[in-house]
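Have a look at the structure below, then the notes.
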Amino acid sequence: MLENNTGYKSGFISIIGRPNVGKSTFLNRVIGQKIAIMSDKPQTTRNKVQGVLTTDDSQMIFIDTPGIHKPKHKLGDFMLKVSKNTLREVDVIMFMVNAEQKLGKGDEFILEMLEGNPTPVFLVINKIDQVHPDELMGIIDSYKERYDFAEIVPISALQGNNVENLLATLTKYLPEGPQYYPADQVTDHPERFIISELIREKVLHLTREEIPHSIAVVIDKIRRDEENEGKIRVAATIIVERDSQKGIVIGKRGALLKEVGIRARKDIEMLLGSKVYLELWVKVQKDWRNKSTHLRDFGFRD
Ligand code: GDP
Ligand code: MG
Ligand code: K
């Protein structure tokens with residue numbers, strides 16, 4: 001993390017919108033293909049970092065907020081609640097729509113859900129390469145009457161039109177803050193975040209309600225072991241808040257932790273396309289929960 005970061009801005013941005021409006025295309029354009037594509041794998045119901053854009057004066061952390069659609073079942077209900085909370089905690093919400101489509105039921109549902117949310121919402125009208133410029137005002141007006149957007153920005157994620165302007169405007173809304181993620185770590189090892197989420201997911205699944213969602217998984221090391229058939233060695237630490245939780249995560253004679261390792265390793269091997277040697281540790285860190293919700297939720301590494 002940078003010291004003396006006066007003037008440096010950083011924050012969390014949630015991109016929401018109906019399927020196929022161009023969310024992944026946007027992320028691919030601003031961050032690079034790999035990250036968005038990989039995090040598209042539907043493996044967790046939880047918010048996750050989709051990509052981090054680091055510049056000289058800012059860092060934008062884009063968060064995937066799943067479950068923003070009319071819930072069909074109990075779990076959907078739960079996910080919606082989690083997403084709603086996330087949307088209150090991020091610094092900016094990017095609500096992306098397709099310029100070719102009229103405001104539909106899916107958009108209505110999202111807008112209703114945003115009612116009363118204090119977070120600034122950007123209306124990002126994507127695919128403007130598909131509509132005539134004269135049509136744009138009408139589209140903007142139809143959305144304007146529905147919600148008090150902080151900004152309305154038309155773009156083409158595919159062709160890149162106005163994307164730089166959108167990023168500059170986003171930066172204005174970010175608070176002063178640290179560079180949460182080292183720039184090179186994110187661009188060189190996007191897998192890191194996904195791997196920690198995969199491990200977390202297994203712990204939560206195997207422990208059910210006994211372990212709170214606030215646990216964190218920190219990846220200590222990812223290294224290719226050239227002497228060992230190029231196997232990738234991953235070392236990770238699961239951080240819990242209490243000794244009792246440590247006991248639960250480890251399980252009787254280490255059985256639960258072993259199972260976490262077996263399941264996580266399978267997924268990580270699929271993700272990396274390589275044999276993986278996974279080493280898991282469990283650590284108690286009592287004040288973990290007292291840190292800012294953001295840091296806790298997004299697996300901040302200190
Ligand atoms: P997501 O479901 O919101 O992540 O949407 P995707 O990023 O997967 O995009 C859905 C489709 O829309 C893909 O075929 C993209 O190529 C296309 N698309 C995305 N952005 C644009 C754009 O700005 N212009 C045009 N013409 N197509 C786009
Ligand atoms: Mg997508
Ligand atoms: K997505």
Side-chain angles (χ1 to χ4, degrees), residues 12-53 60-72 76 79-80 82-84 86-87 90 92-114 119 121-140 142-143 146-147 149 151-170 186 190-191 193-194 197 271:
F12 297 83
I13 299 160
S14 193
I15 309 181
I16 58 176
R18 292 155 69 180
N20 293 320
V21 294
K23 301 181 294 294
S24 300
T25 308
F26 170 79
L27 277 171
N28 287 344
R29 167 161 291 276
V30 298
I31 290 151
Q33 278 190 342
K34 216 171 171 185
I35 293 174
I37 287 169
M38 289 205 315
S39 53
D40 245 9
K41 288 190 178 204
Q43 58 216 351
T44 163
T45 55
R46 195 177 158 272
N47 310 305
K48 56 183 178 282
V49 172
Q50 273 197 309
V52 179
L53 179 63
M60 297 180 205
I61 300 155
F62 292 96
I63 304 297
D64 185 24
T65 316
I68 305 176
H69 42 70
K70 244 195 186 81
K72 294 196 182 78
M79 277 165 61
L80 187 61
V82 172
S83 298
K84 268 188 170 173
T86 304
L87 293 176
V90 294
V92 182
I93 296 165
M94 264 177 65
F95 172 43
M96 192 178 280
V97 298
N98 180 347
E100 300 170 292
Q101 291 173 329
K102 286 219 151 51
L103 198 155
K105 268 191 187 161
D107 301 310
E108 278 293 349
F109 182 75
I110 292 174
L111 289 172
E112 272 165 35
M113 187 179 132
L114 290 174
T119 311
V121 180
F122 278 37
L123 175 68
V124 177
I125 304 175
N126 188 32
K127 309 198 188 184
I128 52 165
D129 55 288
Q130 293 300 103
V131 298
H132 194 277
D134 293 347
E135 294 175 59
L136 205 53
M137 273 327 282
I139 298 169
I140 289 175
S142 67
Y143 281 95
R146 262 307 275 111
Y147 198 86
F149 296 103
E151 301 280 348
I152 297 179
V153 190
I155 64 163
S156 168
L158 195 64
Q159 300 189 345
N161 312 11
N162 215 29
V163 169
E164 281 305 317
N165 177 38
L166 170 58
L167 294 175
T169 313
L170 282 170
V186 171
E191 301 88 354
F193 303 106
I194 298 160
E197 281 297 307
L271 178 75

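One-based numbering, in listed order, for ligands and for the atoms of each.
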| request: Going by heavy-atom distance to atom 7 (O) of ligand 1, choose the closest among Thr25, Ile155, Asp129. | output: Thr25
| remark: Going by the 4.0 angstrom heavy-atom rule, the piece of Pro19 near ligand 1 is backbone
| field | Residue part near ligand 1, for Asn126, under 4.0 Å between non-hydrogen atoms | value | side chain
| note | CG (Leu166) and CG (Asn161) are apart, to the nearest 0.5 Å, by 12.0 Å
| task | Return yes when Gly17 approaches ligand 1 closer than 4.0 angstrom through a heavy atom, no otherwise. | result | no
| request: Work out which heavy atom in Leu87 is nearest to a heavy atom in Ile93; give both atom names and the distance. | output: O-CD1, 3.6 Å
| query | In this structure, which one of Val124, Leu158, Asn126, Ile155 forms a side chain to side chain contact (heavy atoms under 4.5 Å, CB included) with Phe26? | reply | Ile155
| query | Residues in side-chain contact (heavy atoms from CB on, under 4.5 Å) with Ser142, at least two apart? | reply | none
| query | Do you know which two heavy atoms are closest between Asp107 and Arg18, and how far apart they sit? | reply | OD2-NH1, 2.8 Å
| Is it the side chain (CB and beyond), the backbone, both or neither of Gln130 that lies under 4.0 Å from ligand 1, heavy atoms counted? | side chain
| field | Per atom 23 (O) of ligand 1, closest listed option by heavy atom (Ala157, Gly22, Gly160) | value | Ala157
| message | Quick test of your reading of the structure: of Ile15, Asn161, Asn20, whose heavy atom lies closest to atom 1 (P) of ligand 1? | response | Asn20
| Got Ile152 and Tyr143 here, is their nearest side-chain heavy-atom distance under 4.5 Å? | no
